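Since the structure comes first, as structure tokens, the remarks are kept for the end.
In what follows, every chain begins at residue 1, and chains take the letters A, B, ... in the order their sequences are listed. Every value quoted in this text rests on a predicted model; they were computed, and no experiment measured them.
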Amino acid sequence: MLDKSFDAAASEQRQYAQWEADGRFAAHPESNKRPFSIMMPPPNVTGTLHAGHALDNTLQDVLVRWRRMEGRDALWQPGTDHAGIATQMVVERQLAKDGIDRKQIGRDAFIERVWQWKAQSGDTITRQLRRLGASPDWSRERFTMDEGLSEAVRTVFVRLFREGLIYRDRRLVNWDPEFGSALSDIEVENRETRGSMWYLRYPLADSAGRPTDETITVATTRPETMLGDSAVAVHPEDDRYAALVGRHVVLPLTGRLIPIVADAYSDPEKGTGAVKITPAHDFNDFEVGRRHDLPMPTILDAQAKLTIAEIESDLVEIDGLSSRDFVTGIDGQPREAARRAIVAELERLGWLERVEPHTLQVPHAERGGAIVEPRLTTQWYCDAATLAKPAIEAVEQGRTVFVPRSWENTFFAWMRDIKPWCISRQLWWGHRIPAWYGPDGHVFVALDAAEAQAQARVHYGTETALEQDPDVLDTWFSSGLWPFSTLGWPRKTPEFERYYPTDVLVTGFDIIFFWVARMMMFGLHITGEVPFRTVCMHGLVRDEQGRKMSKSLGNGLDPITLIDEFGADALRFTICALTGPGRDIKLGPSRVKEYRSFVTKLWNAARFCEMNAVAPVPGFDPATATQPISHWILSETDRVIAEATAALEAFRFDEYAASLYRFTWNVFCDWLLELAKPLLAGEAGAAQDELRAVIAHVLGTLLRLMQPVMPFVTETLWESFGFGGSGTLAAADWPQPGLAPAGAAEAREEIDWLTRLIGELRALRTEMGVAPSVLAPLLLRDAAPRTLARAERWSEALRRMGRVCEIAVLGGSLPKGAAQLVLDEATLVIPLEGIVDLEAERARLGKERARLVAEREKSQRKLDNPDFVARAKPEVVEENRDRVAGWSADIERLDAALSRLG
RNA sequence: GGGCGCGUAGCUCAGCGGUAGAGCACUGCCUUGACAUGGCAGGGGUCACAGGUUCAAACCCUGUCGCGCCCA
């Protein structure tokens, strides 16, 4: 006997353990089934499950569980990411609590600490994924810093280096001064910030290089960088400044002479139209500097402190304009302090013209939040533009398809304008770059130290000590290899042969650049094949008000709390129900609570079945069912199978959930079980046996359809009903339509008639204010023999659901105080003496008549339009003719009913 | 500034060329023997706005307004 309510917590623990013990999640590369593979986006190894993971993994789990039932050999590849910056930051903070700096303990000891931290917290998120019910093949779990995956990283690095697609370059890079590392473009987020626009006057120099009274005013948001200016740029077509191009200005504070150059980068509309050029501290200025071959002095160091080393020798003392003492005095100041000092000094000397409030975009490190500083350094780069071409083609040709398709535009836009990818990071935690340097700086790139040493021997002709590059690779470099490195590549493995390219990637659009693009580039270049055939993009999880979840708002949702409170099935179903194509979802406890009642509804429906001795009948064939109710529910079941399957095929998780919800609640519970009640409570016999067998069959089908989204409650019911042993629903067959036997169309019509009749009766009684306890006769007038037979057949259901006490044919005149209904060819008379008032009934029928007349008008107007009849599709015209005819007949019957009232 | 998306019932959203829908919320009735985590019935919408295409527009096109995101 089923408990009064579903105990989610107990079921979850037991079922999950059972599935794992039975190896239900395992891929079978040796099998001859058709493979189906999904790569789980690897979460941060030391992270915890957030709402975004819950969404992403629920969708993947639904797909995987469904495909397994379809008989595919499914590989859902799990694993975790070492998340270089994030993880190193966490461990550094831990050390900082004990007052330790990582440099004090050294690289090896620090890395040891990170591994310890990983060992301690590394399985948190995989445990949490289990709570969610996720069913990846845990036996194949991988970590980006596993030896195999690290070998893949080295192999790819060496290969790309040899192909010239990885190289070292000295150029401007995004620098995180707090962390002391380079970042890639996309790890920087621009935040709108209120700041100022400073207008600085620079004096023009005469031919001897001395300052004159003439000045040019430049506008800048970063006055402190003026010490590193190497030009002033004006637009080539800006008449105001045409005469000044080629002359020089004397840079205040430093006394250095810098040229005025013409460059289209300068926008005549902005500021004064003249802009200071600081090539070592601004990306646009860097390009201008390259075009005009300008010097590029660096004036901020790795900590973003002022450094004058590169300008010191050029400092010139000019009274009222520049001062060596001032400049040397602020050497080593943080950039903010340096700015204040420089602005104050310029103002004191009269070179600050004015200051205006100004909002600007300030680059911040995506992780950590430090203000990013452009900095001139030598880093390793990957030639992303070259790698992007085949990736773009693959999507253009549809070898990889985005769902929804519109994301392809975002992908194209970014890929077509991709910049060199800075892949080196000045961190300790990560894949160390497989490059070694000789004493003269010559670089040897090799799979390991021994191979590098061998190269050096050849190069130098003698044994020479080498030093490995201290830097590590961007984390996304290794995650870009995930679809094949997890399958054993670069070794030839059966897994790689079988599961690559993968079928689907499910991920949020926020990492389309970070991850999807990199996997496409690497996958195609390294293996020659796309990494996945379909990319299913979903949105972000927001809170119930639609706000982005953030630590600062404190509105983050903990999926585990939701699971504790409402059960994993409820959370999973909620996620599916809310996941429209590519749209953000608004999630919160109230939404999950809403859908928990659906889990409860299913449970109670099953309980009812159990109490009525509904149980699977071995060998039962639905095709042998004979009763209309059986035919009807089997054809409804066919429909839900088709709908659910089509929805999953189209990645429409919302439609999948909605079709299950509708069928379970509005068909199975509201009609099938209600109509079955009198039959189940009635005489035993073949009809009752058939009905029980059919209900059991439908319930079993329903459990199978729901297993992917609600694995726990369905598995529990599956076992209790004896559909199969414990934990076997996950391995059951996916239902196929075709259950309804011949004659189902007739049965559909009959049950449709019955439900319409009951609906009309209920509405009428409510409108008349008839208490449910009062039963009323149902008299049929002008009813066809078939209608009479149907009414007779369903008399008990009509009694219970329509509150009808007896059914009879009405030939003569209308009884006193009777209400009338028009249904198809028949008029139904419901005598309710003492309740129905003649005037009220007349008004009610009149209102109904008016409604039908209005409906008929709409269609008639169309038919009166010759263009409509001539041009509309014939079936549409026909449909409207039918409607008009139907309504006309109904109106006639209503008129008859009205005249009978007298 | 460029691109993408969204504006449909109080809320969350589906529908994307042929009679405006669902869930939740709301109102009324119902302690009927699966479920009050329930049942039954009901109210509620110039489908942001303005043009256009079409026999027919929430749906297609153009523009406007508002909101969001991404890229400069």
Between [atom2] on [N] and [atom1] on [X], what's the gap in Å once rounded to a whole number?
X: A:Leu764; N: B:C29; atom1: CG; atom2: C1'; result: 15 Å
X: A:Met415; N: B:C71; atom1: CE; atom2: P; result: 15 Å
X: A:Asp417; N: B:C71; atom1: CG; atom2: C1'; result: 9 Å
X: A:Phe513; N: B:C70; atom1: CZ; atom2: C1'; result: 6 Å
X: A:Asp510; N: B:C4; atom1: CG; atom2: C1'; result: 15 Å
X: A:Tyr595; N: B:A25; atom1: OH; atom2: P; result: 11 Å
X: A:Glu408; N: B:C4; atom1: CD; atom2: C1'; result: 14 Å
X: A:Phe283; N: B:A72; atom1: CZ; atom2: C1'; result: 14 Å

Side chain of A:Arg765, backbone of A:Ala771: donor and acceptor closer than 3.5 Å?
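Present.
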Scan A:Phe598 against the nucleic acid and name what it touches under 4.0 Å (heavy atoms): base, sugar-phosphate only, or nothing.
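It contacts nothing in the nucleic acid.
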Base, sugar-phosphate or nothing for A:Glu855? Non-hydrogen atoms, less than 4.0 Å.
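Contact class for A:Glu855: base.
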Centroid separation A:Trp407 to A:Phe402 less than 6.0 Å
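No; A:Phe402 has its ring centre 6.0 Å or more from that of A:Trp407.
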Determine: side-chain N/O of [X] to OP1/OP2 of [N], distance under 4.0 Å, yes or no.
X: A:Arg652; N: B:G15; value: yes
X: A:Arg591; N: B:G23; value: no
X: A:Tyr265; N: B:A72; value: no
X: A:Lys586; N: B:C13; value: yes

Give a yes or no on whether a salt bridge exists between [X] and [Y], defined as a side-chain N under 4.0 angstrom from a carboxylate O.
X: A:Arg290; Y: A:Glu287; value: no
X: A:Arg844; Y: A:Glu841; value: yes
X: A:Arg756; Y: A:Asp824; value: yes
X: A:Asp584; Y: A:Arg542; value: yes

When the [atom1] atoms of [M] and [N] are compared, how many Å lie between them, rounded to an integer?
N: B:U12; M: B:A25; atom1: P; answer: 15 Å
N: B:A57; M: B:A50; atom1: C1'; answer: 15 Å
N: B:A14; M: B:G3; atom1: C1'; answer: 26 Å
N: B:G17; M: B:U53; atom1: C1'; answer: 12 Å
N: B:U64; M: B:A56; atom1: C1'; answer: 26 Å
N: B:C60; M: B:G28; atom1: C1'; answer: 43 Å
N: B:A9; M: B:G2; atom1: P; answer: 31 Å
N: B:G43; M: B:U27; atom1: C1'; answer: 7 Å

Report the nucleotide, chosen from B:G5, B:G18, B:U19, that has the shortest atom-to-atom distance to any side-chain atom of A:Ser406.
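Out of B:G5, B:G18, B:U19, the nucleotide with an atom closest to A:Ser406's side chain is B:G5.
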Protein heavy-atom contacts under 4.0 Å, written 5' to 3' over nucleotides 31-45 of chain B as B (base), S (sugar-phosphate only) or - (none), form the string --BBB-BSSSSS---
Show the nearest heavy-atom pair for residues A:Asp670 and A:Met801, with the distance to one decimal.
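Scanning both residues completely, I find the closest heavy atoms to be O-CE, 4.0 Å.
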Return the minimal non-hydrogen interatomic distance between A:Thr507 and A:Asp56, and the atom names on each side.
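The answer is CA-OD1, 3.4 Å.
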Relative to the 5' end of RNA chain B, which residue comes earlier, A:Ile186 or A:Arg542, by the nucleotide with the nearest heavy atom?
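By nearest-heavy-atom nucleotide position, the 5'-most residue is A:Arg542.
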Sequence-distant partners of A:Arg405, salt bridge (charged side-chain N to carboxylate O under 4.0 Å, His left out), two or more places apart:
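Only A:Glu408 meet the salt bridge (charged side-chain N to carboxylate O under 4.0 Å, His left out) criterion with A:Arg405.
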Between A:Ser11 and A:Thr716, does any side-chain donor sit less than 3.5 Å from a side-chain acceptor?
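Indeed, the side chains of A:Ser11 and A:Thr716 share at least one donor-acceptor pair under 3.5 Å.
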Taking atom types as modelled, is there a side-chain donor on A:Glu544 or A:Ser590 under 3.5 Å from an acceptor on the other?
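The answer is yes; a qualifying pair exists.
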Enumerate, in order of first residue number, the stems that involve RNA chain B, defined as 3 or more consecutive Watson-Crick or G-U wobble pairs with both distances under 3.5 Å.
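Detected stem regions: B:1-7 with B:65-71, B:10-13 with B:21-24, B:26-30 with B:38-42, B:48-52 with B:60-64.
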